[in-house]
Number of protein chains: 2
Amino acid sequence: MSSETIDTPTKIVQATLGLLERPNAKLPTMTDIARATGISRQAVYLHFPSRTDLLVAATRYQDQQNQVDAALAPSRGARSGAERLDAFVTAWGNYIPKIYGVARAIMAVTDTDAEAAAAWNTRMQDMREGCAAAVNALAEDGSLPPNTDIEQATDLLWTLLSVRNWENLTQTCGWSQDCYISTIRGLAMATIARDLGALTDVLACTEPPA
Amino acid sequence: MSSETIDTPTKIVQATLGLLERPNAKLPTMTDIARATGISRQAVYLHFPSRTDLLVAATRYQDQQNQVDAALAPSRGARSGAERLDAFVTAWGNYIPKIYGVARAIMAVTDTDAEAAAAWNTRMQDMREGCAAAVNALAEDGSLPPNTDIEQATDLLWTLLSVRNWENLTQTCGWSQDCYISTIRGLAMATIARDLGALTDVLACTEPPA
DNA sequence: GTTGTCAATTGACACTGTGTCAAGCAAGCG
DNA sequence: CGCTTGCTTGACACAGTGTCAATTGACAAC
C-alpha cells in the first residue's frame with residue numbers, strides 16, 4: 001500500500017539524505033541533488049525555494065522517519081529523576097548518529113544563512129526540552145545539588161549532549177559509540193544528579209586500538 | 001621604536017582581525033578586507049594567495065600578539081598533577097574569548113576548505129598537547145582513576161575544553177566567563193583527577209539574570 | 001635626469017554556485 | 001479538442017574567488 005509512486009518532493013528529500021549520509025560527504029550543490037534525484041536542477045526549485053528550505057525539509061522528514069518521539073519516550077516513563085536523566089542521555093546519545101549527516105550540513109550553513117541557523121536552533125531547542133524535563137524530574141526528587149539553578153543545570157546537560165561533543169569524541173577521537181555513551185552518561189549523572197558512583201563509568205572503556 | 005610604518009601584510013592582517021572581532025561578525029569577503037585595510041582588493045592577493053591563507057596568517061599573528069605560550073606557562077610550573085590540570089583549564093578557558101572571533105571564522109570555512117581545516121586542526125592539536133601534559137602529570141602522581149587510558153582521558157579533557165563548548169555556554173546560554181570557568185574546571189577535576197570536592201563548584205554560580 | 005624596480009592601482013575576465021525567468025513539451029483529463 | 005500540471009531546456013543576473021595585463025607613482029642608483 002505504501003509502494004505507491006513517490007511524489008517528487010519526497011524523492012528530492014530522499015536523494016538529499018542519501019548524499020548527506022555518505023561518510024565524509026561534502027555539502028551537496030543543487031546540481032548534485034538534482035542529478036541524484038534524476039530531475040533537472042530547475043525542477044528542484046519548483047518544490048523548494050532555496051537550498052536551506054530543502055535542508056530543513058530533509059531534517060523534518062528524517063525526524064519523522066526515525067520516530068524521534070518514540071526514541072525519546074522511555075525517558076518520559078522513568079520513575080525517578082535519575083532514571084529519567086539516564087534514559088534521556090542514552091536515548092539522545094544513540095539518536096545522534098542517525099542525524100549526524102544532516103546535522104553537519106545544517107551546522108555548516110548556519111554561519112552564512114540565518115534561516116538555517118533558526119531551523120537548527122529550533123531543533124536543538126526541542127532537544128533542550130528533554131534536558132529540562134530530566135532536570136525538573138531531578139529537582140522534584142530533591143536530587144539536584146543544593147542551590148542549583150535549574151536553567152543552569154539544563155544548559156550544562158544540553159551542552160554535554162551537543163552534537164559537537166559527539167562529533168569530537170567519536171569522529172575525531174575515534175571513540176566507539178558505547179564508550180561515548182557510558183562516558184557522557186557518567187559525566188551527566190555525576191555532575192547533575194550528584195550520583196558519584198556514576199563516575200566509575202567515565203574513562204572506564206576498554207576498546208581495541210583503531 | 002615600534003612606531004615605524006607598518007608593512008602592508010601586517011596592516012591587512014590587523015584589518016582582518018578588526019573585522020572578525022566585532023560581535024556577530026559575518027565572514028568578511030576579500031572586498032571587505034581590502035576596504036578595511038584601505039587598499040585595493042587585488043593588492044590583498046599580492047600578499048596572500050587566498051582567503052584561507054590570510055585567515056591562517058591572522059590566527060598566527062594573533063597567537064603571537066597574545067602570547068599564548070606565556071598564558072599557558074603557569075600550568076607548566078605546577079607542582080602536582082591536579083594543580084597543573086587546574087591551571088591549564090583556567091588558562092585555556094580564559095584564552096578562548098581572545099581568539100573566538102578568528103576561531104569562528106576558521107571553523108566556518110573548515111567544512112568547505114581542507115586547508116583551513118588542516119590549519120585549525122594543527123592549532124587544536126597544540127592545545128591538546130597541553131591537555132596531554134596535564135593528564136600525564138596526573139598519571140605520574142597516581143591520581144588518575146584506576147585503569148584509565150591516558151589517551152582517553154586526554155580526549156575527554158580536550159573535548160570539554162573545546163571552543164564549541166565555550167561558545168555554547170557563554171554565547172548561546174549567556175553564562176558569564178567566571179561561571180564557565182568554574183563549571184568546566186569542576187567537571188574536569190572531578191572526572192579526570194577524581195577530585196570529588198571539585199563538584200561543589202559545578203552549577204554553583206549565582207549570576208544576575210540577563 | 002634617466003633608468004630600473006617595487007608596490008599598488010584599474011579594469012577585465014574565468015569560474016562556481018544560487019536563484020530567476022521564459023518558452024516549450026508531454027501526459028492526463030474535462 | 002483544449003486546458004492544466006509537472007517537468008524540460010536554455011538563458012540570465014548576481015555574488016564571490018582567484019587570475020591576468022597594463023599602468024602609475026615613488027624612490028633609489030647610476
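Residue numbers begin at 1 in each chain, while the letters A, B, ... track the order of the sequences.
- Rounded to a whole Å, the NZ atom of Lys11(A) is 13 Å from the P atom of dG6(D).
- Distance, Phe48(A) CZ to dC7(D) P: 11 Å, rounded to whole Å.
- With distances taken from any side-chain atom of Ala43(B) to the nucleotides dA7(C), dC21(C), dT9(C), the minimum falls on dT9(C).
- Phosphate proximity of dT8(D) to Ser40(A): present, with a side-chain N or O under 4.0 Å from OP1 or OP2.
- For the pair Gln42(A) CD and dT5(D) P, the computed distance is 21 Å after rounding to whole Å.
- A pairwise comparison of heavy atoms in Ala87(A) and Ser75(A) identifies CB-CA, 3.7 Å as the closest pair.
- Between Ile33(B) atom CD1 and dG18(D) atom P there is a gap of 10 Å when expressed in whole angstrom units.
- In summary, the side chains of Gln14(B) and Tyr61(B) do present a donor paired with an acceptor at a separation below 3.5 Å, with no hydrogens or angles considered.
- Asn168(A) contributes no side-chain N or O that, together with a main-chain N or O of Cys173(A), makes up a donor-acceptor pair within less than 3.5 Å.
- With Arg185(A) as reference, Asp86(A) is the one residue of Asp86(A), Asp195(A), Asp178(A) to meet the salt bridge (Lys or Arg N to Asp or Glu O under 4.0 Å) rule.
- Atom CG of Leu46(B) and atom C1' of dA21(D) are 13 Å apart (whole Å).
- Evaluated for a side chain to side chain contact (heavy atoms under 4.5 Å, CB included) with Met127(B), the options Val68(B), Leu161(B), Ile96(B), Leu72(B) yield exactly one hit, Leu161(B).
- In the model, Asp113(B) has a side-chain atom that pairs as donor or acceptor with a side-chain atom of Thr52(B) under 3.5 Å.
- In this structure, Arg35(B) places its CZ atom 19 Å from P of dA8(C), rounding to the nearest Å.
- What separates CG of Asp7(B) from P of dC6(C) is a distance of 17 Å, to the nearest Å.
- For His47(A), a side-chain nitrogen or oxygen approaches OP1 or OP2 of dC7(D) to under 4.0 Å.
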Every protein N/O within reach of nucleotides 13-18 of chain C N/O, cut-off under 3.5 Å:
{"from": "dT18(C)", "atom 1": "OP2", "to": "Met30(A)", "atom 2": "N", "distance (Å)": "3.3"}

